[in-house]
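So that the names make sense, note that chain A is the first sequence line, chain B the second, and so on, each numbered from 1. In what follows, every heavy atom counts, from backbone to side chain, and hydrogens, waters and symmetry copies are set aside.
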There are 2 protein chains.
Amino acid sequence: MSPTRIPEATVARLPVYLRALNSLLEGDTRTCSSEELATAAGVNSAKLRKDLSHLGSYGTRGVGYDVEYLRYQIAREIGLTQDWPVVIVGIGNLGHALANYSGFTSRGFRTVALLDADSARQGELVAGLKIRPFTELSAIVREHGVAIGVIATPAAAAQSVCDHMVDAGIRSILNFAPSVLTVPAGVDVRMVDLSSELQILAYHEQRKSAPATPDPLDPGVVA
Amino acid sequence: MSPTRIPEATVARLPVYLRALNSLLEGDTRTCSSEELATAAGVNSAKLRKDLSHLGSYGTRGVGYDVEYLRYQIAREIGLTQDWPVVIVGIGNLGHALANYSGFTSRGFRTVALLDADSARQGELVAGLKIRPFTELSAIVREHGVAIGVIATPAAAAQSVCDHMVDAGIRSILNFAPSVLTVPAGVDVRMVDLSSELQILAYHEQRKSAPATPDPLDPGVVA
DNA sequence: CTCAGTTTGTTCCCACGTTCACAAACTCTT
DNA sequence: AAGAGTTTGTGAACGTGGGAACAAACTGAG
C-alpha cells in the first residue's frame, strides 16, 4: 500500500535498489537483510529501510526481504512492469551509444525510432533501426504511443526538438544536450550533463590537493 | 574570499551557471541581473544569489553582475583555470562517444589516453588518440599526472578497473558503468546511470496517466 | 545633496532528507 | 511455551537546502 506520495529522493534510489536486487538474484540469493542490500546498493541500511517503508511493508522482521518479491514490488512501483516505447532524437556519437545501450532495453524500455534532422544520415542502420527524418516525430509518437523522448542533439537544437516533442504529445524528456529546456507545466524534464559531473569532481579534487587558494590573474582555460 | 565550505547543492549548480554565463557572453551581454542569469540557468533568482554569495561578493547592488568577471570567478572556484588530464577506460559505444564529446575538451579537461582491455581494439584511432592496452594505466597516470579517471566499461569489469585506477593514484572517478564502486576514503566517485534517469521519468509518467494499479488508494496527478 | 529606483547579499523560517535508536515482530532452540 | 537472538519499520532529533522578504548599497536625475 502506498497511501502517501513517495519522496523524490527515494524515487531516485529505487533504480539502484533494483540493480542491487538483480545482482543478488544472479548470485542465487533468495533472501537478504537490509544490511546486505544496503551494502550492495552503496547506501546506509537505515536509509534503505525508510525508503522501502514508503512502498509498503514488504519485509519480514527477524528474517529480511524476499529478493524476488521485493524486486517485483519495486519494479511495479517504478512502472517497469509495463512497456515504455521511447524515441531518440539526434543520432551523433552519443545518440549512437544510447541506441545500443543494453540498460535501456533490458528494463522495459523499447526504442521504437531513431530520428535525426541531418538528411545525410537517414536510412543508416543503427542498433537494428533505420534513422528516420525528424519530421516523422509526431506520426511515430501517435503510432506507438510514445510518452518518453530522449534528446541527444547539439545544444543549439535542443529547445526546438523539445518543443516539437511536447507538441507531439511527449510528456517526459531525458535531455543530454547541455542546454536548459523550458517546457509547459505537466511535462517532466531530466537533464544529464556529462561535463557537469566532471566539473564537480574537479572542484573536489582541487580542494583535496590545494589547501590555499592563490589568486593569480591568469585567465587560463575558460570555455 | 571563501572562508566556509561551499554547500554540495551549490557546487552541483556552478557548472550550470557557467554554461549560462558563456551563453550570455556569446550574445554580447556584458552585465546581467540575478534575475536574468537565473532564468538562463533555469533556477530561482533567490537561490542563484545565495549560491553566488557562497563564493564571495562578486556583484554590484543596483547594477548586477559583470558577466566576464563572474564567469572567471566561478571557473576558478571549480578549478577550471587549471589543466585536468583525464583517462577514459572502456572504449565501447559510450567510451567512443565520451572521447569525442566536445564538452570535455572545451572546459579544461584534456583526454590524454583511451584504454581498453580488448586487444582487438588496440591501435584503433578514436578522436585522434590510439587505443592503448589497459596495462599501461599506471605509467600513463604517472607520466601525465592524471587525477581523474572515467569508467565506461561493462558493469562486470568496473570494480576491477576502479581498483587499478586507485592503485595508480587516481583520486576522482566518473563511473558510467551500472555498478556500485567501493573505494578507500579520500577517493571520490560520481555515478552517472543512464537507465536510472529513464526509470525516474517512467515513475512520474506512470503517476501522471495511470491512477489504477491493484491498489487504487492514490488520488492521482498533482502537478 | 537628496530622493526615488534598482539590485545584491543576507536573515529568517519552513520543508525535506538523513541518521540514530528502539519497540514490534519474527525464528529458532531448549 | 518461553526466552534468546535477529531484523524490520518508525518516531524523534538533527542537518541541509529552498524561498520569501528585507536591509544595505549602488545609480541617476533634479
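For the pair Ser34(B) and Leu48(B), the tightest heavy-atom approach, listed with the atom from each and the gap, is O-CD2, 3.2 Å.
The nearest heavy atom of DNA chain C to Ala46(A) and to Thr10(A) marks one nucleotide each, and the one closer to the 5' end goes with Thr10(A).
To the nearest 0.5 angstrom, Thr10(B) atom OG1 is 9.5 Å from Arg5(B) atom CZ.
Side-chain atoms of Ser33(A) lie closest to dT7(D) of the nucleotides dT18(C), dT7(D), dT10(D). Taking only side-chain atoms of Lys47(A), from C-beta outward, the nucleotide of dT18(C), dG19(D), dG9(D) with the closest atom is dT18(C). When distances run from any side-chain atom of Glu8(B) to the nucleotides dA20(D), dG17(D), dT10(C), the shortest one goes to dG17(D). Of all nucleotides listed (dG9(C), dG17(D), dA21(C)), dG17(D) comes nearest to the side chain of Ala9(B).
Contact between the side-chain N/O atoms of Tyr65(A) and the OP1/OP2 oxygens of dG9(D) is found at a separation under 4.0 Å. Taking side-chain N and O atoms only, Arg5(A) has no distance below 4.0 Å to OP1 or OP2 of dC16(C).
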>> Please determine whether ring pair (Phe, Tyr, Trp, His ring centres under 6.0 Å) holds for the pair Tyr69(B) and Tyr58(B), giving the CA-CA distance in whole Å, both sets of side-chain angles, and the decisive distance to 0.1 Å.
In response: CA-CA 8 Å; Tyr69(B) 180 61; Tyr58(B) 296 136; 5.7 Å; yes

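Residues Asp66(B) and Arg30(B) form no side-chain contact, since every pair of their non-hydrogen atoms from C-beta on lies 4.5 Å or further apart.
When rounded to the nearest whole Å, the span between CG of Leu70(B) and C1' of dT7(C) equals 14 Å. Taking atom CG of residue Asp51(B) and atom P of nucleotide dT16(D), one finds them 16 Å apart after rounding to whole Å.
Side chains of Gln199(B) and Ser195(B): a donor-acceptor N/O pair is present below 3.5 angstrom, by distance only.
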Could you run down the sub-3.5 Å N/O contacts of the protein with nucleotides 26-29 of chain C?
{"from": "dC26(C)", "atom 1": "O4'", "to": "Arg61(A)", "atom 2": "O", "distance (Å)": "3.2"}

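Between the side chain of Lys50(A) and the base of dT19(C), at least one donor-acceptor pair of N or O atoms lies under 3.5 Å.
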